[in-house]
Amino acid sequence: MGHFWLFMYRGEPISYQVFPWGQKVGLLATKSPELLLDGLWNIEFYGHIVFGGISLLVGWTQFSKRLRTKRVKLHRNVGKVYSVSAVISALCGIGIAFSATGGIAAQMGFILVWNKDTAF
């Protein structure tokens, strides 16, 4: 059994099972069997999730004035981890964007908007 994440949409709980490793559930249920067997797509998909998660986990610490002033070296090292993770996640995101559900509009939205935001 994978990890469950719970989100709220208009007051209704929505759960996603993201790390079932090889099971066709949640978001993966919308993808074709051929795509799920594609090794490169799997590397990009899980790379996007893992490195995006690392970015989200450590990125907020960069806003700490106390960390910036008292622990400068730690602040810089965490910033490097954040930057590398964000770039890897963005590059993986470009790869999986071409298989986005919703057609060309969704694909271009993921490629252009998401990665523009990641770059800044």
Side-chain angles (χ1 to χ4, degrees):
M1 185 176 275
H3 300 281
F4 284 94
W5 294 354
L6 186 64
F7 297 97
M8 297 298 284
Y9 176 73
R10 295 187 182 186
E12 298 290 325
I14 303 170
S15 64
Y16 292 94
Q17 190 172 11
V18 178
F19 289 110
W21 303 112
Q23 298 176 17
K24 194 170 178 179
V25 297
L27 173 68
L28 298 178
T30 65
K31 305 301 178 190
S32 69
E34 296 80 21
L35 186 64
L36 294 175
L37 293 174
D38 183 351
L40 179 61
W41 185 87
N42 276 288
I43 290 170
E44 292 169 339
F45 178 76
Y46 289 110
H48 180 67
I49 291 171
V50 169
F51 287 103
I54 292 169
S55 296
L56 291 171
L57 185 65
V58 301
W60 65 272
T61 63
Q62 295 304 92
F63 294 106
S64 169
K65 185 176 181 179
R66 186 172 162 191
L67 182 66
R68 281 193 315 265
T69 57
K70 295 186 188 259
R71 307 279 311 268
V72 176
K73 188 173 181 178
L74 178 63
H75 170 73
R76 288 184 182 153
N77 287 332
V78 171
K80 291 173 187 175
V81 169
Y82 170 78
S83 298
V84 169
S85 296
V87 168
I88 292 172
S89 180
L91 293 174
C92 290
I94 290 171
I96 63 174
F98 292 105
S99 63
T101 306
I104 190 74
Q107 294 168 354
M108 294 311 294
F110 283 121
I111 292 168
L112 297 175
V113 176
W114 181 257
N115 289 297
K116 172 197 69 78
D117 293 340
T118 302
F120 297 103

Determine whether [X] and [Y] make a side-chain contact, defined as any pair of heavy atoms from C-beta on separated by less than 4.5 Å.
X     : Y     : result
Arg66 : Lys70 : yes
Lys31 : Phe45 : no
Trp41 : Leu36 : yes

With rounding to the nearest 0.5 angstrom, report the [atom1] to [atom2] distance, [X] to [Y].
X      : Y      : atom1 : atom2 : answer
Phe51  : Leu91  : CZ    : CG    : 11.0 Å
Leu35  : Ile96  : CG    : CD1   : 9.5 Å
Ile104 : Gln107 : CD1   : CD    : 5.0 Å
Arg68  : Arg76  : CZ    : CZ    : 12.5 Å
Leu37  : Asn42  : CG    : CG    : 8.0 Å

Is a side-chain donor or acceptor of [X] paired with a backbone partner of [Y] at a separation under 3.5 angstrom?
X     : Y     : result
Ser64 : Thr61 : no
Ser89 : His48 : yes
Ser55 : Ala86 : yes

* side chain to side chain contact (heavy atoms under 4.5 Å, CB included) partners for Leu40, two or more places apart -> Asp38, Glu44
* Structure fact -> Between Cys92 and Ile43 the two heavy atoms that sit nearest each other are SG-O, 4.4 Å
* Asked: If you take all heavy atoms of Leu67 and Gln62, which pair is closest and at what distance?
  ->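 Heavy-atom minimum between the residues: CD2-OE1, 4.5 Å.
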* Hydrophobic cluster identity match, Leu74 and Val81, side-chain contacts under 4.5 Å -> yes
* Do Leu56 and Val78 belong together in a cluster built from hydrophobic side chains that touch within less than 4.5 Å? -> no
